[in-house]
Amino acid sequence: MIDIKGIKKSFGSLEVLKGIDLHINRGEVVSIVGPSGAGKTTLLQIIGTLDKPDAGTVYVDSVDVTSLSQRKLSDFRNRHIGFVFQFHQLLPEFTAIENIMIPAYIAGTSNKASRQRAEELLRFMGLSDRANHKPNELSGGEKQRVAVARALVNNPAVILADEPSGSLDSKNKEELHQLFFDLRDKFGQTFVIVTHDEHLASITDRTIQMRDGLLVLPEDYTNEAVTQPQ
């Protein structure tokens, strides 16, 4: 599903990624953990085509995204990759259902089909009664579930999440974490999640640990929550 080979990335004289090789299977829920500055978010942004590596290749759903033109890259990102951020990034002037529909509009989906898909996702999230509420009328947990629904509206192959539960209280964290697995089981998406949340890392199918721009080899793991792939 995702194949990463020899990824390197520097910002000026700072080498952030020093040669990353990683394979993620279709339907896996994978967490990426490590101290601040380890390169986790940079790696996630490269997988999500928001940034380009200095060297190496990234295949997502059998497509070498590092070789695509900017126009083709934008289209691929819209159709094949969904994003969930720590802070929901909903547009305040639009309702919940309108926020969810925006990526479908960008993809050229009809209004009717976009609304039907958004309504399906709202039902799955238990938010049908909040469809016409704007973000300032939603709780933190509701906003994040709307953001997840927006990420799913185009039925992408992979969802990339950067500290998705970092701004939530304990109850909403647990509900969001369970939601990722429910969505994987229902819709078959692959999830790659950058997190500092030890509980979330411990329940994912596989945990990838990073340190100083490199993946930590299994024999070097010091975090008991980190598990080897099955």
Side-chain angles (χ1 to χ4, degrees), residues 24-34 40-41 44 47-48 81-92 94-104 114-208 223-227 230:
I24 296 170
N25 297 313
R26 188 177 301 277
E28 262 194 304
V29 180
V30 173
S31 55
I32 301 177
V33 303
K40 305 182 301 296
T41 294
L44 199 74
I47 296 172
I81 302 173
F83 297 91
V84 180
F85 303 99
Q86 179 174 353
F87 300 102
H88 49 81
Q89 308 287 5
L90 301 178
L91 297 178
F94 294 108
T95 64
I97 195 167
E98 289 168 342
N99 267 282
I100 295 168
M101 293 168 67
I102 288 170
S114 299
R115 183 168 290 273
Q116 286 177 340
R117 173 65 171 162
E119 289 172 346
E120 175 193 14
L121 290 167
L122 281 167
R123 284 194 298 273
F124 189 84
M125 303 287 175
L127 293 174
S128 293
D129 61 337
R130 313 296 279 169
N132 295 313
H133 288 67
K134 291 186 176 179
N136 64 0
E137 300 172 306
L138 302 174
S139 70
E142 288 171 339
K143 290 174 186 175
Q144 200 63 315
R145 279 184 280 163
V146 170
V148 173
R150 178 184 58 190
L152 287 161
V153 71
N154 286 336
N155 195 32
V158 60
I159 301 291
L160 304 179
D162 193 358
E163 297 290 355
S165 57
S167 62
L168 301 179
D169 60 29
S170 297
K171 180 178 182 295
N172 281 305
K173 277 185 181 183
E174 290 181 11
E175 292 178 353
L176 183 67
H177 297 168
Q178 183 57 49
L179 179 62
F180 293 145
F181 293 92
D182 294 343
L183 289 166
R184 185 268 301 274
D185 294 342
K186 182 172 177 63
F187 298 113
Q189 267 90 12
T190 304
F191 281 82
V192 183
I193 306 166
V194 164
T195 185
H196 283 101
D197 190 290
E198 292 181 3
H199 176 258
L200 175 56
S202 73
I203 63 174
T204 55
D205 299 327
R206 182 159 51 115
T207 301
I208 307 297
N223 181 350
E224 292 183 359
V226 176
T227 59
Q230 300 298 311

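Because the structure is predicted, anything quoted here is derived from the model rather than measured. Just so you know, these numbers use all the heavy atoms, side chains as well, and skip hydrogens, waters and symmetry mates.
- Between A131 and L122, the shortest heavy-atom distance links the atoms CB-CD1, 3.6 Å.
- To the nearest 0.5 angstrom, L152 atom CG is 6.5 Å from R117 atom CZ.
- Between the CD1 atom in I193 and the OG1 atom in T207 there is a gap of 9.5 Å [rounded to 0.5 Å].
- With hydrogens and angles ignored, the 3.5 Å screen pairs no side-chain donor or acceptor of R130 with any backbone N or O of K143.
- Nearest heavy atoms, L127 versus E142: CD2-CG, 3.7 Å.
- When side chains are defined from C-beta on, Q89 does not count as touching N99, because their heavy atoms never get closer than 4.5 Å.
- Using a 4.5 Å heavy-atom threshold, the side chains of V148 and I159 count as separate.
- Scanning all heavy atoms of the two residues, the minimum distance from M101 to A118 falls at CG-CB, 3.7 Å.
- Residue S114 comes nearest to A104 through the heavy atom pair OG-CB, 3.3 Å, listed as atom of the first residue, atom of the second, then distance.
- Residue H196 qualifies as enclosed at atom NE2: its count of foreign heavy atoms under 6.0 Å is above 12.
- Using a 4.5 Å cut-off on side-chain heavy atoms (C-beta onward), E163 and T195 make contact.
- Taken to the nearest 0.5 Å, the CG atom of L183 stands 10.0 Å off from the CD atom of Q178.
- Annotation for Q189 and N155: closest pair NE2-OD1, 2.9 Å, computed over non-hydrogen atoms.
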For F181 and I203, what are the C-alpha separation, side-chain angles and deciding distance, and is it a side chain to side chain contact (heavy atoms under 4.5 Å, CB included)?
-> CA-CA 10 Å; F181 293 92; I203 63 174; 3.8 Å; yes
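- A side chain to side chain contact (heavy atoms under 4.5 Å, CB included) with L179 is found for one member of E174, Q144, M125 and no other, namely M125.
- No donor-acceptor distance shorter than 3.5 angstrom exists from the side chain of R26 to the backbone of A157, with no hydrogens or angles considered.
- Side chain of D197 to backbone of H199: a donor-acceptor contact under 3.5 angstrom is found.
- At least one donor-acceptor pair closer than 3.5 Å links the side chain of T190 to the backbone N or O of G27.
- Counting heavy atoms from C-beta outward, F191 and D205 have side chains that stay 4.5 Å or more apart.
- Atoms OG1 and CD1, from T41 and I32 in turn, are 9.0 Å apart once rounded to the nearest 0.5 Å.
- Just one residue in the list L90, L91, L121, I102 forms a side chain to side chain contact (heavy atoms under 4.5 Å, CB included) with R150, and that residue is L90.
- T204 is not listed as a side-chain neighbour of V30, based on a closest heavy-atom distance of 4.5 Å or more.
- Using a 4.0 Å cut-off between charged side-chain N and carboxylate O, E120 and R123 make no salt bridge.
- Within the 4.5 Å cutoff, the side chain of S31 has no heavy atoms near those of the L200 side chain.
- Shown here for A96 and L138, the closest heavy-atom pair between the two residues is CB-CD1, 4.4 Å.
- Annotation: the span from I81 atom CD1 to N154 atom CG amounts to 12.0 Å, rounded to 0.5 Å.
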Trace of the side chain to side chain contact (heavy atoms under 4.5 Å, CB included) decision for N132 with I97 | CA-CA 6 Å; N132 295 313; I97 195 167; 4.2 Å; yes
